[in-house]
Amino acid sequence: MNTAHPPFDPLVFGPDAQIMKGVDGLNWRLADYEARGGYRALKKIFAEKIAPDALIAEVKKSALRGRGGAGFPTGLKWSFMPRQFPGQKYVVCNSDEGEPGTFKDRDILRYNPHVVIEGMVIGAYAMGATVGYNYIHGEIWDVYERFEEALAEARAAGYLGDRILGGDFSFQLHAHHGYGAYICGEETALLESIEGKKGQPRFKPPFPASFGLYGKPTTVNNTETFAAVPWIVLNGGAAYLDLGRPNNGGTKIFSMSGDVARPGNYEVRLGTPFAALLEMAGGMRGGRRIKAVIPGGSSMPVLPGEVMMKTDMDYDSIAKAGSMLGSGAVIVMDETRCMVRCLERLSYFYFEESCGQCTPCREGTGWLYRMVHRIETGRGRTEDLDTLVSVSDNIAGRTICALGDAAAIPVKSFIQHFREEFAHHIEHKRCMVGERGAARDKAAA
Amino acid sequence: MISAQGIARIDAAIAKYPAQERQSAVMTALAVAQEEHGHLSTEVMDFVAGYLGMPPVAVYEVASFYGMYDLEKTGRYKLCVCTNLPCALSGAVEAAEHLKRTLGVEFNGTTPDGRFTLKEGECFGACGDAPVMLINNKRMASFMSPEAIDRLLAELK
Amino acid sequence: MSTPGMLTVEVDGRSVEVPHGTMVMEAANRLGIYVPHFCYHRKLSIAANCRMCLVQVEKAPKPLPACATPVTDGMKVWTHSDAARQAQNGVMEFLLINHPLDCPICDQGGECQLQDLAVGYGQSASRYGEPKRVVMHKDIGPLVGAEEMTRCIQCTRCIRFGQEVAGVMELGMIGRGEHAEIVAFVGRTVDSELSGNMIDLCPVGALTSKPFRYSARPWELSRRKSVSPHDGLGSNLIVQTAGDRVMRVLQLENEEINECWLSDRDRFSYQGLNAPDRLAQPMIRQGGALREVDWQAALEETVRLFRAVSEKHGGAAIGVLAGPGSTLEELYLVQKLARGLGSDNVDFRLRQWDFSADADLAGAPWLGMKVSEIESLDRVLIVGSFLRKDQPLLANRFRQAARRGQQVNLLHVAGDDPLVRLQNRWMVGPSALVGALA
């Protein structure tokens, strides 16, 4: 386990942390979790004989929205599972966290794995599923191994397995590791991957709630979504909603990366101003000026820094500002960064990670990357910008899954907000950011 | 082809899934096979196919789809450095350059002594610790400044 | 209002009623409306990966693939509206950016789905100025050529055919993204007895017929309908000829018999006609040596021999054996000839030596039902058949039916795998076969 992290401060996740409350980096074991009040939600459900429908109603009331990126209302998703289905049903946790900028699930799983287990057991009970899987990103192998340990602890303590806490409900939960494919974060690709196939997304409909893992009704939720559930059960949906804003219930872990002084995860109430979040992360690194922010993971539109400084961190506010909250991965870029170069790296990523199944993404992501690469390396052509936008439009909304959109959105938003940088690259075969910096240095001298 | 302990790990994975879904264990089986053989040869994939009752070409599909499997021989230590945007903003490009200079190889190159293979990785989901490196798929190294890289390379014999 | 249990859908302004579960593509086809497509094939599972069949659907925020979008009641679809055309043209552009411009030397030229649709949906010049992808050729056996895999558009029809129809997954798609390519497992070949159908299914010139390679242009060939001579099934064929030479054989669709498939035996056996060691001239043995003669001389010699036997021993001393693969018409003529010579000794059972059951037979033994009807049987017992080799397309019928719940049982003398999901398999020694049946 990585110990290279700077000395751990219990407050590092923020004063309003709920999922990460009391987590200090070492106290991940079952006994620690119980000491923090862990598994009390589960005990409460069985002691008070709370019906599955009542649980789903409570989650609906909390306005908890999917923390993986799409922000779909969790309670509503749970209610899609067929109630009277006689056969096997599954719940699956999506811990295949590979969206550039996102690293919250890793911290939840390594520092507080039991909160995910408890959330999954509750979700399984609410949806009548008896088997579940947690699909963990392949690159964080030590986290996968730790989760297996946590599962063993939970089984031994009767929180998991046959007749949980001596009651009638049984739930078998297993860990499944990925092995290096971003696309498996897409829920149907993830299901294919559990089935032992290439992670190629399925076309929908049918949706997983009717045809999921092994063709059975399945609900897939993000790690952080499950992790929020025990708190909601203990404190009520209304209290959770009150933590955030209407339609944006609860706290959210934001992964702050890029040009900030203290990159890391910060759990704040939804609706917290971006400026306050940036402050928690120590402000801009080296005191430089903010230029651009991708507020929700690399697939979401980039916004100019000045727009973000006036925006609050919740689903609706960020949408109003022209982007999306996504997975809560905040990538901050300062004034010295070349936007063409930043986009080039992102476009390369989507080109590399396209699964190759459907035409617009397989062919289009390479085209986008090659064009941006040419512009970055001084071989851009005047017509390239229009072609980039038009090719992006031909990918977005035409593919089996959202990776096509994810590849198109950065291209369009970078050009929309920073067109002059691209135009300068094309016209002068070099970057204007460096020139500006040089001019400023000259003026300062 | 696979050691008894390796087979035990594969069997443990098979037990996680419904009895008729042995194929679900293919990712673990290939990971175990790669640990033991260094890379996934045709023979190894064939063995896994037979063990799990899959068509060999379906195993090949999986082995070639997921980035952490190696179909070619690598050095004793496979160093994978993430250069994606968040990491790049925190020194990953410099880390990669430092590695290339120190090892004298480009991405996908192996040092002549067979000790290191250098690879470029995509997001590990650890951007807060950037620059990050993955050693032999299992060990994550965080905050890899040039000095930290030098220490790491010295440690990996 | 729709008939109960039916859904009404409007495609390009025309209404049609379809049952639940019908896809937009099928509904459009019922109206005779063609929706461009590559990966869709009515005999294969839906992949929805080529995206060529994107159409505009009322209230849908983005274009939807006709092949994978189920009809809902009252749905309105436009297959050629501006929005639909824009999506289809966009997909066509993507398909063409990495496709080589080698139509003039491509065997598929003239019968290529991509070439045809590019005329309607492509542009005359490409906006793509970046390097094109190159995919290495593969050797996957002597019949199916994979010599120009750069042409592949990754529609996966060939893979799905293997998994679903041939019953064995011999091709797969490795890698991902732009680097994805169709391959057989390292060092393996495609050995299915139905492999040639992949050539028909491939919508581009990626999988082509190796024996036919570079030998003719499809539009230069005459087409003659025919029937397969190789088994009792009578698969319908198209024999394509240039002059008097058979150049290749293709399937002729007949849903009642071979559907749209053909076994490799039926497809490729024409090569025997053109084989250098084929007996093409009559020969007469004289003094222990064979000598080529013309047909007139050969026929005269035959008449002389027949006459000699018949005069010396009577016409009944003549026996006539005909190949069982001959057509009914040929067999009719043979028996006519024999009887004209005064002989009733005519037979076609060249490999049978026990005729003791002849007395119990009335008429010709046959399947007792239409070939297509075997799929509707609940239970089947197959006795002593190497099904895939004996009747490759019947094997496929059982394969499909077994997936839908037909119980197929096999009593056999060898562990031959029919690639059909079997309810029971019983293997006995050949001598125990009759006992096992009793």
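Side chains are part of it too, since the values below use all heavy atoms of this structure and drop only hydrogens, waters and symmetry mates. Below, chains carry the letters A, B, ... as their sequence lines are ordered, and counting in each starts from 1.
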Distance check, rounded to the nearest 0.5 Å: B:Asn84 atom CG versus A:Tyr182 atom OH? 9.5 Å
How far apart are the C-alpha atoms of A:Trp141 and B:Leu134, what are their side-chain angles, what is the distance that settles it, and do they pass the side chain to side chain contact (heavy atoms under 4.5 Å, CB included) test? CA-CA 10 Å; A:Trp141 192 262; B:Leu134 200 55; over 6 Å; no
Is there a side chain to side chain contact (heavy atoms under 4.5 Å, CB included) between A:Lys197 and B:Gln23 once you walk through the steps? CA-CA 8 Å; A:Lys197 304 173 194 160; B:Gln23 178 167 353; 3.8 Å; yes
Using every non-hydrogen atom in the two residues, find where B:Pro86 and A:Ile331 come nearest and quote the distance to one decimal. CG-CD1, 3.8 Å
What part of B:Leu85 lies closer than 4.5 angstrom to a heavy atom of chain A: side chain, backbone, both or neither? both
Do B:Thr83 and A:Tyr348 have side-chain atoms, one donor and one acceptor, less than 3.5 Å apart? no
If you draw a 6.0 Å radius around CD in B:Glu36, do more than 12 non-hydrogen atoms from other residues or ligands fall strictly inside? yes
Euclidean distance, B:Glu21 CD relative to A:Leu213 CG, rounded to 0.5 Å: 8.0 Å
I need the residue from A:Lys104, A:Glu145, A:Arg337, A:Glu97 with the largest number of non-hydrogen atom pairs under 4.5 Å to chain B. A:Arg337
Close contacts, residues 253-262 of chain A versus chain B, judged by heavy atoms under 4.5 Å: A:Ser257, A:Gly258, A:Asp259
Rounded to the nearest 0.5 Å, what separation is found between the CE atom of B:Met27 and the OH atom of A:Tyr179? 9.0 Å
Under 4.5 Å heavy-atom distance to chain B, tell me which part of A:Cys184 shows up: side chain, backbone, both or neither. side chain
Heavy-atom distance under 4.5 Å between the side chains of B:Ser24 and A:Tyr214, does that happen here? yes
If you compare all heavy atoms of A:Tyr135 against all heavy atoms of B:Tyr66, which two are closest, and at what distance to 0.1 Å? OH-CE2, 4.1 Å
Minimum heavy-atom distance between A:Gly101 and B:Cys127, given as atom pair plus value: N-SG, 3.2 Å
Are any non-hydrogen side-chain atoms of A:Arg106 and B:Asp129 less than 4.5 angstrom apart? yes
Once you measure the plane-to-plane angle for B:Tyr17 and A:His176, does it fall in the parallel (<30°), tilted (30-60°) or perpendicular (>60°) bin? perpendicular
Applying a heavy-atom distance below 4.5 Å, give me the residues of residues 54-62 of chain B that approach chain A, sorted by number. B:Met54, B:Glu61, B:Val62
Kindly give the heavy-atom pair with the smallest separation between A:Gly180 and B:Met68, and that separation in Å. N-SD, 3.6 Å
Within residues 107-126 of chain B, residues adjacent to chain A where the heavy-atom gap is under 4.5 Å: B:Glu120, B:Gly121, B:Glu122, B:Cys123, B:Phe124, B:Gly125, B:Ala126
Is chain B contacted by the side chain of A:Leu173, its backbone, both, or neither, given a heavy-atom distance below 4.5 Å? neither
To the nearest 0.5 angstrom, please state how far the CZ atom of A:Arg345 sits from the CG atom of B:Leu89. 11.0 Å
Extract all donor-acceptor atom pairs below 3.5 Å that involve side chains of residues 146-157 of chain B and protein atoms in other chains or at least two apart in sequence.
{"residue": "B:Glu147", "atom": "OE1", "partner": "B:Ser145", "partner atom": "OG", "Å": "3.3"}
{"residue": "B:Asp150", "atom": "OD1", "partner": "B:His98", "partner atom": "NE2", "Å": "2.8"}
{"residue": "B:Glu155", "atom": "OE1", "partner": "B:Arg139", "partner atom": "NH2", "Å": "3.4"}
{"residue": "B:Glu155", "atom": "OE2", "partner": "B:Arg139", "partner atom": "NH1", "Å": "2.9"}
{"residue": "B:Glu155", "atom": "OE2", "partner": "B:Arg139", "partner atom": "NH2", "Å": "3.3"}
{"residue": "B:Lys157", "atom": "NZ", "partner": "B:Ala154", "partner atom": "O", "Å": "3.0"}

